[in-house]
Amino acid sequence: MDKAISRGPLAARGFRMGKGDQLLEHVLIKYRWLFVCFFLLPASFLYELWSYFRNLIVFKLSSAPGKHASKVQKVQQQVVFAKRAETFYFKRSASINIINIKTFPLTIIFFQVREWNKNGQQGHMCTARPGWQTMSFRQGLYKKSFYKVEVNLVDVLEIDTENKTVRVEPLVSMGQLSASLAPLGWTIPIVPEIDDLTVGGLILGTGIESSSHQFGLFQHICVEYELVLADGSLVTVTKDSDPDLFYAVPWSYGTLGFLTAAKIMIVPCTKFIKLNYKPVYSLNDAVKEFSEASASKNQFVEGIMFTLNKGVIMTGNMIDEPQPCDKVNKIGLWHKPWFFKHVESFLVTGKRASEILPLRDYYHRHTRSIFWELQDIVPFGNNRLFRLCMGWLMPPKISFLKLTQTDAVKRLYENNHIIQDMLVPITNLKESMQMFNKETKVYPIWLCPFKLPADPGMLCAPKERMFVDIGIYGVPDPSVNFKPMETTRKIEEFVQKCEGFQMLYADTYTTKEEFRRMFDHTLYDRVRSKLACTKAFPEVYDKVSRAARY
């Protein structure tokens with residue numbers, strides 16, 4: 001996620017200008033909201049409009065399934081060409097005339113392979129998707145040196161209501177998928193709340209939602225993966241056909257092959273959800289209420305803490321239709337308050353409350369404000385007048401925000417902002433909250449429970465346990481003397497002692513040895529060796545560590 005300095009509010013929340021910052025940089029930072037409002041918002045709207053009609057036409061014409069095989073073949077060809085070019089290079093002199101390479105339509109590969117060998121990075125591949133288009137707020141350096149494979153797979157392929165599955169390509173977004181399924185009365189069990197999150201990122205990275213206390217992480221609702229492997233072969237795997245590869249794919253970050261399709265469970269859904277809000281005014285009450293809700297049969301559970309001792313615990317369940325006396329709050333409408341601000345209002349009354357929400361509005365409730373990050377990009381974004389006049393253009397595309405960052409914004413953002421999701425056992429919730437408060441004092445904080453089954457893979461637990469995702473997104477309070485590396489390393493060390501895990505879309509400052517202690521590499525290493533991945537792909541750590549992203 002992107003963050004920018006805009007006006008007074010950020011200065012008050014702890015952003016520090018370095019002595020070397022020039023006047024121009026200061027102006028670009030201070031008034032970035034002007035660029036966002038008058039350029040990025042219209043551009044984002046036009047892009048969304050194009051995407052909507054494009055996806056609608058493809059879905060209605062059912063043209064995607066017929067084209068999928070040919071698109072996958074193009075991925076295979078790129079991988080095979082790369083491997084042939086690498087082999088050819090070793091057999092012939094570097095002074096070879098490329099005109100004689102008749103078998104390689106993409107002759108540019110020869111030059112790339114020669115460069116890989118000069119750098120000692122023989123054969124490493126990655127997707128050609130630019131770093132600014134990903135949801136991770138860091139851009140990987142490896143994108144500049146690896147051979148880039150075009151994986152332009154963006155469509156919903158098949159909805160199988162008989163077997164209760166949906167087959168999709170990896171760049172299908174959550175907004176696109178929920179829009180395709182909901183009108184048919186179906187949904188996937190876990191719908192991560194930001195519209196632009198993609199299936200591929202949620203599988204190869206991770207995904208979580210307020211239904212995860214029942215279903216686990218996004219990987220746990222997937223039943224089949226289709227991948228192009230390092231040798232260019234295409235495989236389709238399930239937990240029965242190839243359990244090693246099936247369980248090694250999640251959290252592998254594209255280091256075992258290129259994901260080209262996935263089959264995901266679907267469940268029936270209704271059009272509405274009844275959401276219950278319970279304000280809490282002490283950390284002990286928050287932990288108690290949240291833990292009890294996580295163990296309940298409610299379909300949805302989450303919490304937002306606005307201070308260490310004040311927050312709101314929410315539980316929800318789908319309902320068929322509202323009662324005549326029920327008022328439906330369409331929180332997804334452009335003129336409505338941002339969801340987290342709406343939740344905060346229940347702290348004022350101090351009373352429990354319930355309301356009916358449209359299901360898709362609930363699913364994507366944090367999209368319009370990008371959780372609460374957007375308040376520092378557009379400080380007046382939740383103002384009623386602004387919402388009425390320009391709310392229909394919100395939010396700006398995260399990818400556009402990343403693409404248009406100035407160097408000054410990047411530097412200040414990196415040094416004065418934290419964005420992390422830490423996964424800890426729910427029994428460690430209280431001490432975790434206290435620790436994060438001591439080190440960052442960032443609020444609001446997002447709490448989302450999830451069940452971790454005893455499956456093999458990078459997240460390996462001896463038995464099924466309930467965890468909680470603690471999401472920390474924002475500017476640390478000036479009183480804590482936040483230092484990105486030192487503070488994050490303290491948090492990482494604490495999480496590891498709790499036998500927890502760190503989501504890897506953000507910075508990890510762990511050493512490779514520490515990283516391997518946090519994540520179980522036993523199965524991952526075995527699969528990489530079996531599939532000859534070591535020359536074709538880097539290890540996960542080499543793609544997600546901070547050093548790999550700068």
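In this text, all values refer to a predicted model and were calculated from it rather than measured experimentally.
- At distances below 3.5 Å, at least one donor-acceptor pair connects side-chain atoms of T487 with backbone N or O atoms of K483.
- Between the side chain of W372 and the backbone N or O of P444 there is at least one donor-acceptor pair closer than 3.5 Å.
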Query - Full working for side-chain hydrogen bond (donor to acceptor under 3.5 Å, both in side chains) between Q78 and E150 - result: CA-CA 8 Å; Q78 292 174 78; E150 292 282 352; over 6 Å; no
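- A donor-acceptor pair shorter than 3.5 Å can be found between the side chains of S233 and D231.
- R489 and E514 are joined by a salt bridge, as a carboxylate oxygen and a charged side-chain nitrogen come within less than 4.0 angstrom of each other.
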Query raised in the report: Going through the distances and angles, do F146 and M125 end up as a side chain to side chain contact (heavy atoms under 4.5 Å, CB included)?
Result: CA-CA 5 Å; F146 289 6; M125 297 180 285; 5.9 Å; no
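- Between the side chain of Q214 and the backbone N or O of S211 there is no donor-acceptor pair closer than 3.5 Å.
- Proximity of a side-chain donor or acceptor of E209 to a complementary backbone N or O of F218 within less than 3.5 Å is not detected.
- Remark: E499 engages R465 in a side-chain contact (heavy atoms from CB on, under 4.5 Å) (not counting sequence neighbours).
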Requested in this report: Evaluate the side chain to side chain contact (heavy atoms under 4.5 Å, CB included) criterion for residues I445 and I470: first the C-alpha distance (whole Å), next the side-chain angles of each, then the deciding distance (0.1 Å), finally the verdict.
Outcome: CA-CA 7 Å; I445 282 181; I470 304 178; 3.7 Å; yes
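- Under the rule for a side chain to side chain donor-acceptor pair (under 3.5 Å), the partners of T187 that lie at least two apart in sequence or sit in another chain are Y363.
- The 12-atom threshold is exceeded at NZ of K451, counting heavy atoms of other residues, nucleotides or ligands nearer than 6.0 Å.
- For K530, the side-chain contact (heavy atoms from CB on, under 4.5 Å) partners two or more places apart in sequence, or in a different chain, are D242.
- In terms of heavy-atom proximity, L308 sits nearest to M433 at CD1-O, 3.8 Å.
- Using a distance-only test at 3.5 Å, with no hydrogens or angles considered, no donor-acceptor pair links the side chain of H364 to the main chain of Y362.
- Using bins of under 30°, 30° to 60° and over 60° for the plane-to-plane angle, the ring pair F519/F515 lands in the tilted bin.
- Looking at V79 and F258, their side chains come closer than 4.5 Å, going by heavy atoms from C-beta outward.
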Requested in this report: For side chain to side chain contact (heavy atoms under 4.5 Å, CB included), just list the numbers for I190 and I221, CA-CA rounded to whole Å, side-chain angles, deciding distance to a tenth of an Å, and then say yes or no.
Outcome: CA-CA 8 Å; I190 298 171; I221 63 170; 3.8 Å; yes
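- Between H213 and F450, the gap from one ring centroid to the other reaches at least 6.0 Å.
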Query - Worked verdict on V468 versus L423 for side chain to side chain contact (heavy atoms under 4.5 Å, CB included) - result: CA-CA 6 Å; V468 56; L423 314 179; over 6 Å; no
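- For the atom pair CZ (F467) and SG (C498), the distance works out to 9.5 Å, reported to the nearest 0.5 Å.
- E539 is linked by a side chain to side chain donor-acceptor pair (under 3.5 Å) to R516, counting only residues two or more places apart in sequence or in another chain.
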**Report entry** Residues N309, T307; criterion side-chain hydrogen bond (donor to acceptor under 3.5 Å, both in side chains); working and verdict
**Finding:** CA-CA 5 Å; N309 295 301; T307 70; 5.4 Å; no
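- The shortest non-hydrogen separation linking A293 to T315 is CB-CG2, 3.7 Å.
- One side chain, E373 or H417, offers a donor N or O that lies under 3.5 Å from an acceptor on the other.
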Query raised in the report: Stepwise, does the ring pair (Phe, Tyr, Trp, His ring centres under 6.0 Å) test hold for F340 with Y443?
Result: CA-CA 11 Å; F340 79 96; Y443 293 98; over 10 Å; no
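- Taking all atoms of both residues into account, the shortest heavy-atom contact from Q502 to D507 is NE2-O, 3.0 Å.
- A 6.0 Å sphere centred on NZ of K397 holds more than 12 heavy atoms belonging to other residues, nucleotides or ligands.
- Here the side chain of S178 pairs a donor or acceptor atom with the backbone of M174 at under 3.5 angstrom.
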Requested in this report: Give the intermediate values and the outcome of side-chain hydrogen bond (donor to acceptor under 3.5 Å, both in side chains) for residues D240 and T238.
Outcome: CA-CA 5 Å; D240 297 318; T238 67; 4.7 Å; no
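- The closest side-chain heavy-atom distance from T534 to S529 is not below 4.5 Å.
- Of the possible donor and acceptor atoms, none in the side chain of S212 sits under 3.5 Å from a partner among the backbone N and O of F215.
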Query - ring pair (Phe, Tyr, Trp, His ring centres under 6.0 Å) assessment of Y473 paired with W446 - result: CA-CA 9 Å; Y473 325 124; W446 190 54; 7.1 Å; no
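- Applying the side-chain contact (heavy atoms from CB on, under 4.5 Å) rule to K288 yields the partners E292; only residues at least two apart in sequence or on another chain are considered.
- Note on E493 versus K497: salt bridge recorded, some NZ/NE/NH1/NH2 to OD/OE distance being below 4.0 Å.
- Between the side chain of S545 and the backbone N or O of D542 there is no donor-acceptor pair closer than 3.5 Å.
- Looking only at atom types and distance, the side chain of S479 has a donor-acceptor partner in the side chain of D477 under 3.5 Å away.
- Between the side chains of S173 and D196, no donor-acceptor pair is found at a separation under 3.5 Å.
- With hydrogens and angles disregarded, no donor-acceptor distance shorter than 3.5 Å links the side chain of E169 to the backbone of T260.
- F339 and H366 have their aromatic ring centers within a separation under 6.0 angstrom.
- Distance OG1/T236 to CD/E226: 4.5 Å, rounded to 0.5 Å.
- In this structure, the side chain of R368 does not engage the main chain of P395 through any donor-acceptor pair within 3.5 Å.
- In summary, the side chains of Q434 and N437 do not present any donor paired with an acceptor at a separation below 3.5 Å, with no hydrogens or angles considered.
- Looking at heavy atoms from C-beta onward, H220 lies in side-chain contact with D455 at the 4.5 angstrom threshold.
- Remark: P250 pairs with Q219, Y225 by the side-chain contact (heavy atoms from CB on, under 4.5 Å) rule, at least two apart or across chains.
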